[in-house]
Each structure stands twice: as C-alpha cells, then as structure tokens.
Protein chains: 2
Amino acid sequence: MFEQVLAAKKRLNSHANKTPVLTSQTLNTLLGAEVFFKCENFQKIGAFKFRGAFNCISQLSAQEKKRGIIAFSSGNHAQAVALVGNMLGIKTTIVMPNNAPKIKLAATKGYGAKVVIYNTETEIREEVTAAIQQQHGYSLIAPFDNKHVIAGQGTAALELFEKITDLDMLLVPCGGGGLLSGSAISAKSINPNCQVIGIEPEQADDATQSFYSGKLHSIPNPKTIADGTRTTSLGHLTFPLIQKYVDAMKTVSEQAIIEAVKFHMLRMKIVVEPSGALGLAALLSHSVKAQGKIGVIISGGNIDPATLVQILENKI
Amino acid sequence: MFEQVLAAKKRLNSHANKTPVLTSQTLNTLLGAEVFFKCENFQKIGAFKFRGAFNCISQLSAQEKKRGIIAFSSGNHAQAVALVGNMLGIKTTIVMPNNAPKIKLAATKGYGAKVVIYNTETEIREEVTAAIQQQHGYSLIAPFDNKHVIAGQGTAALELFEKITDLDMLLVPCGGGGLLSGSAISAKSINPNCQVIGIEPEQADDATQSFYSGKLHSIPNPKTIADGTRTTSLGHLTFPLIQKYVDAMKTVSEQAIIEAVKFHMLRMKIVVEPSGALGLAALLSHSVKAQGKIGVIISGGNIDPATLVQILENKI
C-alpha cells in the first residue's frame, strides 16, 4: 500500500498545499516531550480531505471524468470533491441533507458543484445518491472506504515524516478511518518503531470498540462536538488496515476536546475544528502519555463561528 | 544598517522560531494577486517583539546582564523582554499600568519577571521606570527606538525575502516604527524594487502624518482596536529610517481591521491580533491596490478571547 501513497504524493505535488509543521514551546515544556503538529487545517478547503479526493478523482478514466462524479457528505469531503471537480473540469453533484449548515452549503456551491438536497426524515441519502448515479452514470467518490482515497490521506503523514523521521509516536484522529489507515501505512513503512495511535471521542468510540473486539462495531448518530468523527463505523477497507498497522486506539472526553481547541487557538494561534484537536486533547488529558517525539495530525480547521464563540465563552 | 540585521539573524538563529509563510488561494483569486504572509503570530510570545528584545538584550555586557533589565509596556514587548530575561538568566522588571489586562499581567509574571504596577492617573510610567532604573542600575530595553531592537525586528522580513525574493510590495503594520523600519531596511537591501508600505489605523495615523509632513506628529491615546499601534508617535531613530526606506504610508478603517481579523480566522485558520491584520485590511479594503507578488508581515496573534468573541459576533 505504501507505493500507492508515494504515487499519490507525486499526483498531489503541484496541487495540494505542503502544510507546515508547527511546534509550541509552551506545550513541550508542559508535557516534557516534543510535539510536532502537521497542520492540515491549512490544506485546500481547510482539511486533509482534499488529498484523498484529488488522488481518487484524478485517476478516473477520461470517459468517467466526462460523465461526472457524485458524493454524499455534509462536511469537508463534500467541499473537497466539489473543489477537485472544479479544478479538473468535471461535472460534480453533491447530495447534502436539508439540515446541512448554510455555510457548508454555500462553500460547496461556491466551488461550482450541483447540490441536491434530501430530506433526512423521509429519504435515505444512499438511495437518493444511487438513483442519480444510475441515471447519469456518475462515479461515486466514497469519503473513506476507497483505496485511492486512503492512499491520498496517507500523504500528510508522509510529509511529516520527511521533516521529522524519528517520531516515537503518531496521533491521528479517527472517523471513518481513511486518515488513520493512510497515516499508519506511511508511519510503519518509514519508521516501524513509531507507535501509531488513533484518537476518538468517548461518545463516538466505534473504532476503538471495533479495534479491541475484532468485530466491526457501529454507533448510529454519535453525540460529539467532533463532527468529523460522527461516521457510524469504520469501512470494510479501513478496518483491516487499522487492525494491521495501528498500535492502539484511545478516547477523549468532550471537555478535553474543547480544552484542546482553546489551546490551539489561544496559545498556538491556529483555528482547529474539534475533530482536528483530538490528538492534542489526548495529550493534554493524559489519555496518551506524552514521551519523546510525538507527531500529531491536525485534520482540519472548518469550525462554525458560532461554535467558536461557544467554546471561547465556555458555554459548551 | 542591513549588516546589523544580518548579525541579528545569526544571534536569533537557534532561539527565535522560523515562522512559516502562508498563502490563501481564496484570497489570491479574490485579489488577482499573490500574497505571502509572514506569520509572526507563531513567533515566541506570539509576536515579532521577541526578535528585537533578544537581539538587544543578548548584546548587553556581562556586567549589565548581572545588574538586570527593565522595560515598560502593557503589551507584547513586556512579554518579550520577560521571556528573554528568563532565557538568559537576567533579573527582569516590567513596569505595567494598573489597568493592564490580567491575561498579559499573568503571562509576564509567568515568564518570571518582577512586575511593578503604576497608577495611570497619578503616576507617569517613564518616571516610575527611571526611579527603579537608577536605584538598581538596570538597563532599559526600549520597545522600538533602539538600533538593536530595530535590527532584530528586521529579521522577519529578511526570512520572508529568503523564501520569496521577487516581492513587488511589502506591507508592514506601523506602531512605533520598529518593525516597519527594520523590515524596510531588509527589503530595500535585498530587492530595491520592492515597494515598502507602512499601514496604520485611520484612528492612529500619526506616522502617516509624520511621513507626509516631514515633521514628527503625535496622537495621544489613539482610539483603535489595534492596540499594538497605540504608541503616540514614531521614535527619533525610527522616523528618519522610515523617511529613508519606506515608499508610502496607508491607513485603514476600524471596520476593515475587524473584517481582516475575521478573514484570517475563518478563511486562513490563523488567529491574528488587530494590529497584525493591518496588511490584509489594506488589501481587502483596497487602501492598497493589490498587484503582483505581495509580502505581508503579520505582527502578532495575542488577542483576548473576549475581543475575539466580539469580532466573531459582529458586536464591535
């Protein structure tokens, strides 16, 4: 699989942002360790999802590209597919729920995608999507359970290891597992001694349960502020990859996530969405014991102003 | 003077953060130009002030270091001097007003400095400072009107030019003029064709008035959200340097500053204090016409959570 990450890196070369790696002296002193943050909040569309979407969509055949692409998502994947479709001149349809935040709806439309709204109470998004897909022959771009998407997501950790090779530990947020499995493939291929740990909210610990039980576990509608981890379960591709390449899964409380978002903002001066702050949350709450050189993937920075205000005012 | 900036760079080499240069595709598309942000909000203590303070204090004689240092400031300079004093094992006293924000008071004490509070209604800070200075033989570390401080501040622009040499324009916030004069020295020495433009709030346009009239102009207690530019006037060293090396001065409205802070936060995912957002404010409000390759120095990111909330809720 690592060859596919290396190939993805070449494909992304002049298209994705080479996001910076930031450190915080205050944090290092506090933890007695060295932490290196790979800042995918500075990636195109504000999240790592651009990497997987570009790597996947750019490999479609000329005919598939001509027919068009479709995705269902209310979050960062929607914006990533919409932007890549726009960049490559591909007709793009995004299926979004009628309760999607207006800001994300506007952003997706802003990239030139056609948005189809479905009613969450009377329709099932997979059925709505399948009907449109069949009618037009569109290619479905899956948010995480696709080998090209996984390989694309693995390029963020690859870039981090190119800067800091001797990481003792790598912390990665886990939703559907695309970022975690891709990162773990890169980590174990470059430095097999690096411990790869997936981080989930306590309230959305389906992957942790799956990892330790060996059986794919689902949690419908998990209640967590970390909206990027509200996927109900790992995928059929990501689950075995995580079993193979990941060393441990850890969980963090909602309060720990909020504290981490605040630390990122007020101490490190970067805006990080709750899902993106899971790694720091694990360190600050001692869910993961800090030691040596620690890499942390910040998955994204797309947070609503209203949520930011609630966090700053301690109202959550 | 440029030799002094180069010497400062060597001194700062293993002490200051090499802050990243960030870009925004959204902004570039909006402006039809290429903008490169030098992010001093990621500098130690969250602002460029660390550079000048370190370059100045590290050059004191052994005896001066033994006696101790003193500074008066309610802002980033106080924290910078306190941190450098701590790093170099020098006894440090900071004179702060009784109305200084608690968060800055705590930060300054946190770096191990002794804080002396003066009453803004009954005492004059220069007199309070001079009395302590004379009693103990402390060296006064001036916030901007000191050649070593100016040379240190010039290293941020130097690092930017090392990455992007062919900038057509460089936008720099202006308070007391330390950052602006230092940046202009670097810019004109590396690329004389680069237009250097200082940016001030309309409400604190003393440097703009001085620049265009040729006479040092003062504004007591300027009312602007950009607290880093509330200095009453340029200094006796910075004013002639700005006359010599700077091409133009431009001003921006309070509303433009607020919009720029929001754009930095919600689009670029970085936390920037109002003074640090002056460059982007000038571009977004067309006070400076965007063209070609534009460098922007973001001076710092130290903003109170309460002010952030007010900006996000459009209450200012």
Side-chain angles (χ1 to χ4, degrees), chain A residues 15-26 28-30 37-47 50 79 83 86-87 103 106-107 110-111 163 261-273 276-277 298-315, chain B residues 15-26 28-30 37-47 50 79 83 86-87 103 106-107 110-111 163 261-273 276-277 298-315:
Chain A
H15 301 286
N17 292 343
K18 298 241 164 358
T19 56
V21 175
L22 295 183
T23 59
S24 161
Q25 193 55 56
T26 309
N28 290 350
T29 305
L30 190 70
F37 292 96
K38 176 67 175 169
C39 292
E40 287 296 298
N41 49 336
F42 300 145
Q43 189 48 265
K44 285 195 167 132
I45 71 105
F50 176 81
Q79 291 183 58
L83 174 59
N86 187 311
M87 288 165 77
I103 193 170
Y111 292 122
K163 283 204 172 180
V261 171
K262 278 166 80 170
F263 191 100
H264 276 309
M265 191 156 31
L266 300 176
R267 298 301 192 96
M268 295 184 62
K269 319 297 181 194
I270 56 177
V271 178
V272 176
E273 60 184 89
I298 291 176
S299 54
N302 293 326
I303 182 168
D304 281 333
T307 308
L308 266 186
V309 167
Q310 286 183 303
I311 289 176
L312 284 168
E313 292 191 324
N314 301 313
K315 281 188 182 160
Chain B
H15 300 286
N17 292 342
K18 297 239 166 359
T19 55
V21 175
L22 294 183
T23 59
S24 161
Q25 193 55 54
T26 308
N28 289 350
T29 305
L30 190 69
F37 292 95
K38 176 66 174 168
C39 292
E40 287 296 296
N41 49 337
F42 298 146
Q43 188 48 266
K44 284 194 168 135
I45 70 106
F50 176 82
Q79 292 183 57
L83 174 59
N86 187 310
M87 288 166 76
I103 193 170
Y111 291 123
K163 284 204 170 177
V261 171
K262 279 165 79 169
F263 190 100
H264 276 309
M265 192 157 29
L266 300 177
R267 298 302 191 96
M268 294 183 64
K269 320 297 180 193
I270 56 177
V271 177
V272 176
E273 61 185 87
I298 292 176
S299 56
N302 293 326
I303 182 168
D304 282 332
T307 309
L308 265 185
V309 167
Q310 285 182 304
I311 289 175
L312 285 168
E313 291 191 326
N314 301 312
K315 282 188 183 161

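Order of the sequence lines sets the chain letters (A, B, ...), proteins ahead of strands, with each chain counted from 1.
When every heavy atom of B/F50 is checked against every heavy atom of B/K44, the shortest pair comes out as CB-O, 3.6 Å. Heavy atoms only, all atoms of each residue included: A/V261 and A/V272 are closest at CG1-O, 3.7 Å.
With a 4.5 angstrom heavy-atom cutoff, B/I270 touches chain A via backbone and side-chain atoms both. Interface remark: B/P20 contributes side-chain atoms only to the contact with chain A (heavy atom separation under 4.5 Å).
No other option in B/T26, B/I303, B/L22, B/T23 has as many heavy-atom pairs under 4.5 Å with chain A as B/L22. Heavy-atom pairs under 4.5 Å with chain B peak, among A/G301, A/A306, A/G110, at A/G301.
Residues passing the ring pair (Phe, Tyr, Trp, His ring centres under 6.0 Å) test with B/F42, sequence neighbours excluded: none.
Among residues at least two apart or in separate chains, salt bridge (charged side-chain N to carboxylate O under 4.0 Å, His left out) pairs with a member in residues 300-314 of chain B are B/E313-B/K315.
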